[in-house]
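To start, the structure itself, in structure tokens.
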Amino acid sequence: MVSQRFLPKGAISVDVPYDGPPKAFHFLLLPNTTMLAFSAAIEPLRISNQLARKQLFEWYVLSADGAPVTCSNGIRIQADQPMHDLEQGAYTFVCSGTEPMASFDTRVLNWIRRQKAHGCDFGGICTGAFALAKAGLIGDKKFTVHWENRPGFCEYFPTMTPTQSLYEIDGKLRTCGGGHASTDMMLEVIEELFGNALAINVSEMCLHRRVGESGSNQVSPVSALLGTRNAKLVEAVQIMRDNIESPLSLEAVADQASLSRRHMERLFQQHTKMSPGQYYNNLRLDRAFALLNETDLSVSEIAFASGFSSTDRLSVHFRGRYNVSPHNFRRSWSHESGN
């Protein structure tokens with residue numbers, strides 16, 4: 001029987017020559033899931049059914065115990081079902097958001113491993129790859145997470161490196177960085193299953209311009225962020241970004257960018273209103289800020305991961321920028337999260 005939940009009415013139709021059973025999609029919501037990323041994955045499935053005037057997809061929301069899940073914006077989503085054994089071949093996505101390593105426990109990891117062993121296809125939305133990596137599902141496959149959480153992921157899983165792409169599809173593993181990248185990933189799944197015409201029409205119904213391929217980056221190029229296409233400045237900034245944990249001397253940065261130290265100073269002052277040292281230091285503080293928020297690494301470990309020689313050095317610079325010590329910043333954040 002066709003469920004009205006999965007087959008809404010619409011004014012536009014697309015001929016889809018498919019008469020098989022609907023494809024089942026299951027979304028495991030973890031605490032602090034980002035609602036935008038989750039809804040952006042669901043809507044292309046709904047619109048596909050609406051356009052085809054038949055049930056191509058069905059989707060179910062799971063939580064660890066069947067209780068509602070509170071998203072990162074404070075809104076609660078009611079789960080359809082608790083975690084349970086799924087049918088072989090079911091598309092299964094782990095949806096996560098802020099504080100990803102605190103959002104799952106052994107019960108969730110064991111469920112993921114068991115469903116994978118039963119033949120389910122898995123994916124991660126936003127920071128869902130954290131749970132997938134912990135459960136041992138990623139291995140040497142290409143995958144991605146939201147760019148904000150990339151430094152924390154690399155600290156937790158130093159042998160795995162997420163790409164900076166909007167989404168990745170490597171065999172039966174599908175991951176995306178969240179936000180509207182969820183829509184891009186689902187459009188590719190729709191095209192794979194039911195053809196390009198349906199995917200194009202779903203994209204148009206979403207008023208969404210497809211990126212065209214999974215390799216598109218999540219964040220703007222360095223040139224866009226700097227507001228200049230000066231190749232030497234862009235190269236110098238990229239060298240700094242690539243050498244956070246073990247920072248280079250400014251002379252080494254200039255040398256690798258084929259610049260004189262004086263010329264590099266002028267470029268940074270002209271385009272960033274900062275000296276190269278200030279800019280480099282801010283990049284390292286950005287890394288420390290992210291790790292304080294997204295990991296349970298000690299402040300000492302974070303100092304070294306951000307290229308500071310000691311906790312004291314990190315504290316001096318962190319307080320200078322944020323007007324609070326790293327220790328007090330973390331305590332205040334933990335206190336607010338617990339309320």
Side-chain angles (χ1 to χ4, degrees), residues 5-6 8 24-47 57-84 86 91-105 107-109 111-112 115 122-135 143-153 156 162 166-167 174-187 189 206-208 218 289-290 292-296 332-339:
R5 166 185 169 177
F6 300 120
F25 281 64
H26 299 268
F27 296 85
L28 174 63
L29 302 192
L30 300 179
N32 291 320
T33 285
T34 49
M35 182 177 284
L36 173 59
F38 164 63
S39 60
I42 291 283
E43 285 303 288
L45 306 181
R46 176 192 67 81
I47 293 170
F57 300 103
E58 56 187 24
W59 51 90
Y60 301 95
V61 179
L62 311 179
S63 68
D65 54 7
V69 175
T70 302
C71 296
S72 58
N73 61 9
I75 294 176
R76 290 161 67 83
I77 295 180
Q78 178 61 57
D80 295 310
Q81 303 159 334
M83 294 186 303
H84 62 281
L86 305 176
Y91 291 80
T92 312
F93 289 88
V94 178
C95 307
S96 187
T98 59
E99 300 181 90
M101 288 297 286
S103 66
F104 56 82
D105 55 19
R107 179 179 47 161
V108 170
L109 296 177
W111 179 83
I112 292 173
Q115 303 319 303
F122 263 90
I125 290 176
C126 193
T127 59
F130 279 76
L132 298 182
K134 190 69 174 178
F143 71 101
T144 192
V145 297
H146 192 281
W147 63 265
E148 179 187 22
N149 308 96
R150 194 170 185 269
F153 186 97
Y156 277 119
L166 288 171
Y167 67 95
R174 301 169 176 88
T175 55
C176 71
H180 293 291
S182 299
T183 297
D184 286 301
M185 180 176 67
M186 286 301 177
L187 287 171
V189 172
C206 291
L207 302 181
H208 178 78
Q218 294 181 29
F289 186 91
L292 283 166
N293 273 311
E294 295 293 338
T295 74
D296 58 3
S332 66
W333 181 254
S334 299
H335 175 72
E336 291 173 4
S337 298
N339 288 340

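These numbers were taken from a predicted model, which means no experiment stands behind them.
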Would you say the side chain of [Y] lies within less than 4.5 Å of the side chain of [X], judging by non-hydrogen atoms?
X: Lys134; Y: Tyr156; answer: no
X: Val69; Y: Leu30; answer: no
X: Pro8; Y: Arg46; answer: yes
X: Thr92; Y: Gln115; answer: no
X: Leu62; Y: Leu29; answer: no
X: Pro31; Y: Ser103; answer: yes
X: Met101; Y: Asp296; answer: no

Where do Asn149 and Phe130 come nearest, in terms of heavy atoms and distance?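 In terms of heavy atoms, the two residues are closest at O-CZ, 3.6 Å.
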
I'd like to know if Arg5 pairs up with Asp80 as an ion pair, taking the criterion as any Lys NZ or Arg NE/NH1/NH2 lying under 4.0 Å from an Asp or Glu carboxylate oxygen.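 Yes, charged N to carboxylate O under 4.0 Å.
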
Geometric class of the [Y]/[X] ring pair [parallel <30°, tilted 30-60°, perpendicular >60°]:
X: Phe6; Y: Tyr60; answer: perpendicular
X: Phe25; Y: Tyr91; answer: parallel
X: Trp111; Y: Phe122; answer: perpendicular

Please evaluate residues Phe93 and Met185 with respect to the criterion side chain to side chain contact (heavy atoms under 4.5 Å, CB included), reporting the C-alpha separation (whole Å), side-chain torsions for both, the decisive distance (0.1 Å), and the verdict. CA-CA 12 Å; Phe93 289 88; Met185 180 176 67; 3.6 Å; yes

Do Phe153 and Phe143 make the cut of ring centroids closer than 6.0 angstrom?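 Yes, the ring centres sit under 6.0 Å apart.
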
For Leu166 and Thr144, what are the C-alpha separation, side-chain angles and deciding distance, and is it a side chain to side chain contact (heavy atoms under 4.5 Å, CB included)? CA-CA 7 Å; Leu166 288 171; Thr144 192; over 6 Å; no

